[in-house]
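Below you'll find the structure, written out as structure tokens, and then a few comments.
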Amino acid sequence: MKPRLIVTRRWPAAVEAILAERFDTTLNASDEPLSPAAMASAFADFDAILATVSDRLPVAAFPEGAARTRIIANFGVGFSHIDVAAARDRDIVVTNTPGVLTDCTADLALSLMLAVARRTGEGERQLRAGEWRGWSPTHMAGAKVSGKTLGIVGMGRIGKATARRAHFGFGMKIVFFNRSPVDDDETRAMGAVQMPTLDDVLAASDFVSLHCPGGAENRHLIDARSLRSMKRCAFLINTARGDVVDQDALTGALERREIAGAGLDVFADEPAVPEALKRLENVVLLPHLGSATEETRVAMGMKVVENLTAFFEGRPVPDRVA
Ligand code: DGY
């Protein structure tokens, strides 16, 4: 008997084909997220739930009693949408997909930096609206990116990849905040300086790029007070998780021009994005595209396949997080 899996969203066709071949797989042709009731049934009826960031799995979503589900294989590196303690208590393994989305997420952090500082979203909106009056010396002058100081918050894989691009591609100076010390060849090669506190990084940076996990430990790490620590000419970039930033405080800081702008790929309550943010010109808003390339989404799916195959063959699971 093949293990029974449920895939909660549409996945790349190549990955769905392998899943269907190896396992007794239920796909989600509609791509609609599972309702809470459907998720509750999934725990009763399937050996594995193949979840994504669009599934909310707090403790209340887990069954009180015994579940059939033995593994939640997440399509994504961030797993703060899954209560891993609740999973552990029920002997449910949780896996993620690290490594394969590092480059694309770092690429997108750079594109947000460039877009917000060089006002490309604003410029495109103006042109498409037929409001461009032609070149002029003062037209849409933004902020220079090359040579500025980038502050990285969370110097893990994606933080380092972002810093590498900024330093070697744009000649940026790198400072960073990380809870544990980071001292390796890669950070040394960039001349990256670890600062003792988050406030030190916020005060020193022209761009601050967030690369720490979401969830309780980093909720509102960037709040009204920390936004006030940033330079008025600085930009905040978030490709991590929406809950790392106090979204209301950020909106206020942008409205009052306490910081120069923000580039956001993630939001507190996705897919909802506050109207107040959408009204602002000094923010670039993207619909959680960090890992959204064909190559990366297939690679993420293949990681899930590896994790599931190892699990059901009784081998050590490569990307086990709980
Ligand atoms: C990730 O992998 O964490 C991306 O944000 C998609 O969930």
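The structure displayed is predicted, hence computed values, not measured ones. Atom set for the values below is all heavy atoms of this structure, side chains included, hydrogens, waters and symmetry mates excluded. Numbering of ligands and ligand atoms starts at 1, following listing order.
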Mark up the atoms of ligand 1 that fall under 4.0 Å of a heavy atom belonging to Gly78, in ascending order. 1 (C), 2 (O), 3 (O)
When you measure from atom 7 (O) of ligand 1 to each heavy atom in Arg241, Arg297, Glu270, which option holds the nearest one? Arg241
Atom 1 (C) of ligand 1: which protein heavy atom is closest, and how many Å away? Val77 N, 3.5 Å
Under 30°, 30 to 60°, or over 60°: which ring-plane class applies to Phe207 and Phe235, parallel, tilted or perpendicular? parallel
Enumerated ligand 1 atoms positioned under 4.0 Å from heavy atoms of Gly76: 1 (C), 2 (O)
Could you tell me the residue and atom name of the protein heavy atom closest to atom 6 (C) of ligand 1, and the distance to it rounded to 0.1 Å? His288 NE2, 3.7 Å
Residues two or more places apart in sequence or in another chain: which of them pass side chain to side chain contact (heavy atoms under 4.5 Å, CB included) with Ala192? Met155, Ile174, Phe176, Thr187, Met190
Presence of salt bridge, Asp45 and Arg4, under 4.0 angstrom: no
Flag the pair Asp55 and Arg9 as a salt bridge only when some basic side-chain nitrogen lies within less than 4.0 angstrom of an acidic carboxylate oxygen. no
Numbered atoms and elements of ligand 1 in range of Val53, under 4.0 angstrom, heavy atoms: 7 (O)
Side chain, backbone, both or neither: the part of Thr105 lying under 4.0 Å from ligand 1 by heavy atom: neither
Would Arg70 and Asp91 pass as an ion pair if we require N to O under 4.0 Å? no
Answer yes when Arg225 and Asp199 have at least one side-chain N-carboxylate O distance shorter than 4.0 Å, and no when they do not. yes
With a cut-off of 4.0 Å, which atoms of ligand 1 are near a heavy atom of Leu101? 2 (O)
